[in-house]
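Each remark here refers to the structure printed beneath this line.
Sequence lines set the chain letters: A, B, ... in the order given, protein chains first and strands last, and positions in each chain run from 1.
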Protein chains: 2
Amino acid sequence: MAIEPELVKSANEALAMAEGRLEPAAVFEPATVDVAAIRKAQNLSQGRFAERYGLPLSTIRDWEQGRRRPDRAAHLLLRLIEAEPDVVARILSSSE
Amino acid sequence: MAIEPELVKSANEALAMAEGRLEPAAVFEPATVDVAAIRKAQNLSQGRFAERYGLPLSTIRDWEQGRRRPDRAAHLLLRLIEAEPDVVARILSSSE
DNA sequence: CAGAGTGTACGGCAATGCCGTATAGGCGGC
DNA sequence: GCCGCCTATACGGCATTGCCGTACACTCTG
């Protein structure tokens with residue numbers, strides 16, 4: 001897994017913070033979005049998910065495989081898709 | 001305005017296509033989103049807009065100044081913000 | 001007039017977006 | 001058994017963006 005080293009690093013930092021050996025970072029960015037989970041909650045394959053929301057399949061793959069992390073706009077969008085899939089889908093189809 | 005040359009170019013291409021002098025491009029990407037318009041429709045400054053939707057101010061600037069074009073996820077998000085600002089804002093504040 | 005708020009403009013690097021291809025497992029049909 | 005189809009993992013690779021920082025101009029207000 002490509003992101004593993006980073007996760008380990010983060011975990012160690014969190015530990016250090018908890019033990020008071022390290023100041024909390026100025027930027028708290030969980031940035032962890034489980035795209036696969038959001039997608040599966042809607043019973044969609046990667047392909048159908050991408051198609052449904054007008055996103056490139058390759059980009060979905062990158063996110064799910066942890067090769068790339070969705071930027072802030074994408075992150076926000078994913079949260080919207082998770083919370084209000086119907087609304088998002090509707091807006092999309094309305095002028096595309 | 002920085003994007004003007006591109007708009008002019010697109011307009012000429014469209015004209016050429018209409019006159020049959022040019023084949024329609026394989027990729028039809030309007031991709032033009034007037035971020036400033038969407039923002040102003042909500043009477044927000046760039047700063048407040050960015051803050052409201054959890055986006056970096058610098059990124060908003062880039063988009064409005066035409067220096068960068070929002071990618072597909074951002075594009076989609078902007079359309080959502082335009083159509084359903086309240087919904088978007090609510091989802092955001094709900095777990096941030 | 002100093003200072004705060006807003007917006008334009010742009011340098012710059014790391015990182016992502018997005019395309020393509022190779023590989024592999026599950027499944028129904030012939 | 002074999003083939004084709006769907007689905008998903010993995011990754012090479014380049015153009016483009018994301019996002020940070022800084023400089024400059026304008027307007028309003030104390």
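With a 4.5 Å cut-off on side-chain heavy atoms, R39(B) and E64(B) count as touching. Residues I81(B) and F49(B) meet the side-chain proximity criterion, which asks for heavy atoms closer than 4.5 Å. Proximity of D71(A) to T59(B): side-chain heavy atoms (C-beta onward) are nowhere separated by under 4.5 Å. Residues W63(B) and L78(B) are in side-chain contact: their nearest non-hydrogen atoms beyond the backbone lie under 4.5 Å apart.
Pairing each heavy atom of A83(B) with each of I91(A), the nearest pair is CB-CD1, 3.6 Å. Taking every heavy atom of both residues into account, V33(B) and P70(B) meet most closely at CG2-CG, 4.4 Å. Minimum heavy-atom separation, A89(B) to R52(B): CB-NH2, 3.7 Å. The two residues A50(B) and P56(B) make their nearest non-hydrogen contact at CB-C, 4.2 Å. A pairwise comparison of heavy atoms in V88(A) and L76(B) identifies CG1-CD2, 4.2 Å as the closest pair. Between L92(A) and G54(A), the shortest heavy-atom contact is CD1-N, 4.1 Å.
Remark: C1' of dA9(C) and CH2 of W63(B) are 18 Å apart, rounded to the nearest angstrom. With rounding to whole Å, E64(A) atom CD is found 6 Å from dT9(D) atom P. Rounded to whole Å, the distance from CG on L76(B) to P on dC18(C) is 11 Å. In this entry the distance linking NE2 of H75(B) with C1' of dT17(D) reads 15 Å, nearest Å. In this structure, CD of Q65(A) is placed 12 Å from P of dG12(D), rounded to the nearest angstrom. In this structure, D71(B) atom CG and dC19(C) atom P are separated by 12 Å, rounded to whole Å.
Classification of E84(A) and R90(A) as a salt-bridged pair fails, no side-chain N sitting under 4.0 Å from a carboxylate O.
At a non-hydrogen distance threshold of 4.0 Å, R39(A), S45(A), Q46(A) from residues 35-49 of chain A come into contact with DNA chain D.
Contact annotation: T59(B) side-chain N/O to dG18(D) OP1/OP2 distance is not under 4.0 Å.
Nearest-nucleotide assignment on DNA chain C puts the 5′-proximal partner with R61(B), out of L57(A) and R61(B).
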Close N/O contacts between protein and nucleotides 12-15 of chain C (under 3.5 Å):
residue : atom : partner : partner atom : Å
dG12(C) : O6   : R67(B)  : NH2          : 3.1
dG12(C) : O6   : R68(B)  : NH2          : 3.0

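Note that the two end axes of the helix from dC1(C)-dG30(D) to dC30(C)-dG1(D) enclose an angle of 40°, each drawn from 5 base pairs, rounded to 10 degrees.
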